[in-house]
Undergrad: 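One structure, as structure tokens, below. Some questions next.
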Amino acid sequence: MIDPLLLFDVILGLAIVSLAVTVLVVRDRFAMIVLVIVFGLMSALAWVRLAAPDVALAEAAIGTGLTGALLLATWRQVRTEPERWPALPRGVMVINMGLCALVLAGLVGAFLATPLGTPGLGVAVADNLADSGVEHPVTAVLLNFRAYDTLMEVVVLLVAVIAVWMIDRGVSQAPQPTLGPELGDLPRGFARLVLPAITVIGAYLLWVGTSAPGGAFQGGAVLAAVGILLLLTQRYQPQPSHRPLARGVFVLGVAGFAAVALLVAGGGRVPFEYPADHAKTLILLIEGLVTLSIAATLAALFHGREPEAISTQGGRS
């Protein structure tokens, strides 16, 4: 008798591959974005089936929800203001295709070079989990055993928002993303109901990450949804006076991460070699700061442009 779960996994795998191919060949931009969102949901389900709930949470929150929101916001600007977005030169497209091909070749090469049947590092992580300061192996790896990699991931997010703000300075007059007046008060009423729940869920994912699936990236992505809802319902509109605070929150995660590393190193240890008595506290401190930075950065990426004052002559202040 065929195992129903095996049949489900086969159908899920075929669906994911079919969606990926369809995304590449479909010509309608809106349909493409919808397919990308569905692809993300199917990928999150696949990670659940692979017993990787942390990755599934990140894929559902970031790879599906926030990425879908970013793509929809971009599609709206491209549709409403096509003159601002001329077609890319063919040379740029060729270079992009070449870079994508190199990345794909590197991934395939790394996969083929990996020896089959190797035990991996799961045993080493389990043996040293008690010294990490947390009870969840994924958090131990991300915030202790390979903290440098996680620090660089936070730096990449910081660089991304800096780049977006610099690029969008030329299109600061673009309309702020909203749900539109035609929907009436329904979105605002919905926001009032769900915003408290989303905030609690984001804080819970941050706290529970030390002992169960969750953590800074998952909690930050969920909290970013709060910012996106506030922007869409116009319950919050970024002002030029908010820029210093926003910039401070953007760098908070990187600064806190680096400060803890320097603090530990100043005590005669290797950076991120947390003292056993303070390991959990330091990890929670890092995760809390990183969560705030991730939430603010992702929401700012959705908004797109840096809030700047416009003078009466049409210039920028």
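Counting from 1, the numbers follow the sequence of the chain as shown.
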Undergrad: Is there a continuous path of hydrophobic side-chain contacts, each under 4.5 Å between heavy atoms, that joins L72 to V26?
TA: yes
Undergrad: Treating H242 as the side-chain partner and Q239 as the backbone partner, does any N or O pair qualify as donor plus acceptor under 3.5 Å?
TA: yes
Undergrad: Mind checking the CD-CD1 spacing from Q218 to I62? Nearest 0.5 Å is all I need.
TA: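 Nearest 0.5 Å value for the CD-CD1 distance: 7.0 Å.
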Undergrad: Does E287 use its side chain to pair, donor to acceptor, with the backbone of G215 at less than 3.5 Å?
TA: no
Undergrad: Quick one: do Y274 and V264 satisfy side chain to side chain contact (heavy atoms under 4.5 Å, CB included)? Show the steps, please.
TA: CA-CA 6 Å; Y274 312 113; V264 173; 4.1 Å; yes
Undergrad: Could you tell me whether the side chain of R243 and the main chain of P240 form a donor-acceptor pair under 3.5 Å?
TA: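 Pair found, side chain donor or acceptor close to backbone of P240.
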Undergrad: Tell me, with the steps shown, if L50 and V55 meet side chain to side chain contact (heavy atoms under 4.5 Å, CB included).
TA: CA-CA 10 Å; L50 291 170; V55 183; over 6 Å; no
Undergrad: Do the non-hydrogen side-chain atoms of L205 and T291 ever get within less than 4.5 Å of each other?
TA: no
Undergrad: Got I198 and L223 here, is their nearest side-chain heavy-atom distance under 4.5 Å?
TA: no
Undergrad: How long is the span from the CZ atom in R146 to the CE atom in M152, to the nearest 0.5 Å?
TA: 11.5 Å
Undergrad: What's the spacing between L24 CG and M32 CE if we round to 0.5 Å?
TA: 8.0 Å
Undergrad: Are any side-chain N or O atoms of S293 and backbone N or O atoms of V249, one a donor and one an acceptor, separated by less than 3.5 Å?
TA: yes
Undergrad: Can you see which heavy atom on F272 is nearest to which on A147, and at what distance?
TA: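 Smallest interatomic distance, heavy atoms only, reads CG-CB, 3.6 Å.
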Undergrad: Do any N or O atoms from the side chain of T114 and from the backbone of A110 form a donor-acceptor pair under 3.5 angstrom?
TA: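 The answer is yes, because a donor-acceptor pair under 3.5 Å joins these two groups.
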Undergrad: So, taking the atom named NZ in K280 and the one named OG in S211, what distance separates them when rounded to the nearest 0.5 Å?
TA: 6.5 Å
Undergrad: Is it the case that atom CZ in R269 sees more than 12 heavy atoms from other parts of the structure closer than 6.0 Å?
TA: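 Yes, CZ of R269 has more than 12 neighbouring heavy atoms, counting only those of other groups under 6.0 Å.
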Undergrad: Group every Ile, Leu, Val, Met, Phe, Trp and Tyr by side-chain heavy-atom contacts under 4.5 Å, then state whether V138 and L57 land in the same group.
TA: yes
Undergrad: Report yes or no: do L35 and L12 belong to one cluster of Ile/Leu/Val/Met/Phe/Trp/Tyr joined by side chain heavy-atom distances under 4.5 Å?
TA: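 Yes: a chain of side-chain contacts under 4.5 Å links L35 to L12.
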Undergrad: Would you give the length of the straight line joining atom CZ of F39 to atom OG1 of T64, rounded to the nearest 0.5 angstrom?
TA: 9.0 Å
Undergrad: To the nearest 0.5 Å, what is the distance between CD1 on I228 and CG on L70?
TA: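 Between I228 CD1 and L70 CG, I get 6.5 Å after rounding to 0.5 Å.
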Undergrad: Walk me through whether L158 and T297 qualify under side chain to side chain contact (heavy atoms under 4.5 Å, CB included).
TA: CA-CA 7 Å; L158 177 60; T297 299; 5.9 Å; no
